[in-house]
Amino acid sequence: MKSENVVQIKSYNFALRIIKVYKYLSQEKKEFVLSKQLLRSGTSIGANIEESIGGQSKADFFAKLTIAYKETRESKYWIRLLRDSEYLTVDQAEDLLKDVEELLKIIGSIQKTVRNS
């Protein structure tokens with residue numbers, strides 16, 4: 001069995017963090033709308049990475065990777081909104097945003113490699 005790659009591991013770990021943030025926001029802060037959006041986009045990144053790896057063609061791989069990139073951008077938006085509306089502290093948000101930026105760089109780099117191959 002092939003081992004997982006860096007983007008699989010990081011996107012999966014990010015999804016786990018997002019689930020914990022969702023639990024915190026819904027249970028402690030009683031915030032259900034924005035947190036649900038973040039839960040959806042934040043867990044979708046890894047799911048689309050997994051789908052891209054199972055892609056049937058280079059075009060299929062690239063399309064799923066592009067969706068993962070867009071979901072990462074969307075997650076960044078929700079985290080910033082939750083921070084600026086004071087549902088998340090600056091420290092909580094900045095830590096998540098660091099992970100988002102790392103995922104964006106990795107996914108963007110893979111996209112560039114695929115485009116140029």
Side-chain angles (χ1 to χ4, degrees):
M1 185 171 151
K2 188 180 171 193
S3 64
E4 292 184 330
N5 62 42
V6 171
V7 74
Q8 276 179 293
I9 294 165
K10 289 190 180 291
S11 60
Y12 185 83
N13 288 338
F14 182 73
L16 288 174
R17 290 190 70 201
I18 291 301
I19 291 167
K20 289 177 184 172
V21 169
Y22 173 75
K23 285 181 178 179
Y24 163 76
L25 289 169
S26 59
Q27 292 170 3
E28 302 294 322
K29 298 287 189 171
K30 305 299 181 210
E31 197 299 309
F32 303 102
V33 178
L34 303 176
S35 57
K36 190 72 160 205
Q37 293 282 40
L38 177 60
L39 179 68
R40 191 199 57 72
S41 66
T43 56
S44 177
I45 300 164
N48 280 289
I49 295 292
E50 289 294 331
E51 284 190 55
S52 74
I53 292 166
Q56 296 178 346
S57 66
K58 183 177 166 182
D60 190 26
F61 173 79
F62 191 80
K64 292 297 181 187
L65 205 59
T66 299
I67 294 169
Y69 187 86
K70 289 177 178 181
E71 295 290 346
T72 309
R73 299 271 329 170
E74 183 180 337
S75 296
K76 181 178 178 179
Y77 174 81
W78 295 121
I79 293 165
R80 289 174 51 230
L81 200 58
L82 285 159
R83 176 197 64 200
D84 295 345
S85 60
E86 298 178 356
Y87 280 108
L88 290 176
T89 66
V90 171
D91 288 344
Q92 288 170 323
E94 293 308 312
D95 197 37
L96 291 166
L97 290 170
K98 191 179 109 191
D99 287 351
V100 163
E101 290 302 329
E102 191 174 4
L103 282 167
L104 286 171
K105 285 178 187 170
I106 294 167
I107 297 167
S109 175
I110 296 168
Q111 285 178 308
K112 188 175 182 180
T113 301
V114 171
R115 250 189 247 113
N116 295 335
S117 66

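Heavy-atom basis, side chains included; hydrogens, waters and symmetry copies ignored. One is the number of the first residue; the rest follow in order along the sequence.
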Give the minimum heavy-atom separation between [X] and [Y], together with the two atoms involved.
{"X": "I18", "Y": "L38", "answer": "CG2-O, 3.5 Å"}
{"X": "S85", "Y": "L34", "answer": "OG-CD1, 4.3 Å"}
{"X": "D60", "Y": "G55", "answer": "OD2-CA, 3.2 Å"}
{"X": "V90", "Y": "R83", "answer": "CA-CG, 4.2 Å"}

| query | Any sub-3.5 Å donor-acceptor pair from E31's side-chain atoms to S35's backbone N or O? | reply |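 Flag set: sc E31 to bb S35 pair under 3.5 Å.
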
| request: Spell out, as yes or no, whether a donor-acceptor pair under 3.5 Å connects the side chain of E101 to the backbone of K98. | output: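 No: the side chain of E101 does not pair with the backbone of K98.
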
| said: Test of understanding: with side chain to side chain contact (heavy atoms under 4.5 Å, CB included), list the residues that count as partners of S52, not counting sequence neighbours. | reply: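 S52 satisfies side chain to side chain contact (heavy atoms under 4.5 Å, CB included) with F61, K64, L65 once adjacent residues are dropped.
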
| task | Flag the pair R73 / L104 as yes when at least one side-chain heavy-atom distance between them is below 4.5 Å, and no otherwise. | result |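 The answer is yes, as the side chains (C-beta and beyond) meet within the 4.5 Å cut-off.
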
| Is the shortest heavy-atom distance from the side chain of E102 to the side chain of F14 under 4.5 Å? |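 No; the side chains remain at least 4.5 Å from each other.
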
| query | Would you say R40 has more than 12 foreign heavy atoms packed within less than 6.0 Å of its CZ? | reply |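 Enclosed.
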
| Candidate list I79, D91, L82, test side-chain contact (heavy atoms from CB on, under 4.5 Å), partner L96, passing option |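 Checked I79, D91, L82 against L96; only one passes side-chain contact (heavy atoms from CB on, under 4.5 Å): I79.
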
| request: Give the C-alpha distance, both sets of side-chain angles, the deciding distance and a yes or no for side-chain contact (heavy atoms from CB on, under 4.5 Å) between Q37 and L81. | output: CA-CA 11 Å; Q37 293 282 40; L81 200 58; over 6 Å; no

| Between R17 and N13, does a side-chain contact (heavy atoms from CB on, under 4.5 Å) hold up when you go through it step by step? | CA-CA 6 Å; R17 290 190 70 201; N13 288 338; 5.8 Å; no

Just list the side-chain donor-acceptor pairs under 3.5 Å for residues 108-116, sequence neighbours left out, or say none.
unit_1	atom_1	unit_2	atom_2	d
Q111	NE2	T66	OG1	3.2
T113	OG1	S109	O	3.0
N116	ND2	K112	O	3.2

| Do K58 and S117 have a side chain donor and acceptor closer than 3.5 Å? |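 Checked: K58/S117 side chains pair up, N/O donor to acceptor below 3.5 Å.
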
